[in-house]
Amino acid sequence: MSEMNQDLSAILFDENTIRNRIFDIGAQLSIEYKDKCPVLICILKGASLFLCDLMRAMTIPLEIDFMSISSYGSGTKSTGVVQIRKDIDTDIHGRHVIIVEDIVDSGLSLNYIIDYLKNHNPASIKTCVLLNKPEAHKIDVQVDYVGFDVGNEFAIGYGLDYAEKYRNLPFIGILKEEVYS
Ligand code: PRP
């Protein structure tokens with residue numbers, strides 16, 4: 001057992017549950033994007049594990065790219081203004097884009113990314129998020145494919161971090177409050 005497990009109050013989704021859900025989403029995307037060669041854009045760092053498993057669950061030709069944005073500080077949280085640290089390399093003009101995110105909390109990051117990528121005139125943009133926190137949304141954000149809806153617990157693991165740690169846990173757990181308070 002990992003020494004990180006002692007920092008968890010519970011396991012939210014174990015490895016099998018995650019694998020099965022991603023297999024289903026991958027199968028659905030493979031049908032809906034047949035002959036469209038979609039570009040999967042992974043939002044670093046949290047969505048890295050999700051991308052790796054999702055793309056392997058897809059059976060159609062596709063391309064991948066990566067984007068990194070800065071977290072907005074608490075002072076700018078309500079505006080959703082973020083900065084792009086790493087832009088995509090792919091020309092997505094006329095392409096079918098699927099944004100791959102680990103979690104939608106307030107929705108401000110994803111909303112910013114959608115608006116930004118729309119300026120490149122893709123043929124379509126959809127979003128695929130592993131965890132969605134509907135109660136935390138601050139805006140009406142476009143969430144098309146969802147792994148799991150979750151409440152307001154502090155989810156970590158499978159790419160999700162607390163202070164950059166826990167991303168390598170192969171499952172998703174809830175961080176004990178005493179660890180972050
Ligand atoms: C997390 C997550 C989303 C965003 C969600 O990224 O990956 O991008 O926060 O929050 P929001 O819906 O309130 O905007 P983070 O900045 O922690 O970066 P990381 O993926 O590198 O951990």
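Just so you know, these numbers use all the heavy atoms, side chains as well, and skip hydrogens, waters and symmetry mates. Counting starts at 1 for both ligands and their atoms, following the listed order.
At least one side-chain heavy atom of Met4 sits under 4.5 Å from a side-chain heavy atom of Asn168. With a 4.5 Å cut-off on side-chain heavy atoms, Phe50 and Leu160 do not count as touching. In this structure, Leu40 and Cys128 have side chains that are not in contact, with every pair of non-hydrogen atoms separated by 4.5 Å or more.
Residue nearest to atom 2 (C) of ligand 1, selected from Ile113, Leu44, Val82, Asp102: Asp102 (by heavy-atom distance).
The distance criterion of under 3.5 Å between nitrogen or oxygen atoms is not met by Ala47 with respect to ligand 1. By the 3.5 Å distance cut-off applied to N or O atoms, Gly107 is counted among the residues near ligand 1. In terms of polar-atom proximity, Arg167 is counted as a contact of ligand 1, with an N or O under 3.5 Å from an N or O of the ligand.
Atom numbering of ligand 1 starts at 1 in the shown order; those under 4.0 Å from a heavy atom of Gly46 are 19 (P), 20 (O), 21 (O). The distance from ligand 1 to the heavy atoms of Ser106 drops below 4.0 Å at these ligand atoms: 11 (P), 12 (O), 13 (O), 14 (O). In the vicinity of Ile103, heavy-atom distances shorter than 4.0 Å reach the ligand 1 atoms 2 (C), 3 (C), 5 (C).
Of the possible polar contacts, one joining the Arg21 side chain to the Gly147 backbone as a donor-acceptor pair under 3.5 Å is found.
Taking Phe13 as the reference, Phe148 meet the ring-ring contact (aromatic ring centres under 6.0 Å, His included) condition, with sequence neighbours excluded.
At a heavy-atom cutoff of 4.0 Å, ligand 1 is contacted by both the backbone and the side chain of Asp105. Neither the backbone nor the side chain of Ile69 has a heavy atom within less than 4.0 Å of ligand 1. Under 4.0 angstrom from ligand 1, the non-hydrogen atoms of Asp161 all belong to its side chain.
Applying the 6.0 Å contact sphere to NZ of Lys165 captures no more than 12 heavy atoms from other residues, nucleotides or ligands.
A salt bridge (Lys or Arg N to Asp or Glu O under 4.0 Å) check over residues 55-71, counting only residues at least two apart or in different chains, returns the pairs Asp53-Arg56, Glu63-Arg95, Asp65-Lys86.
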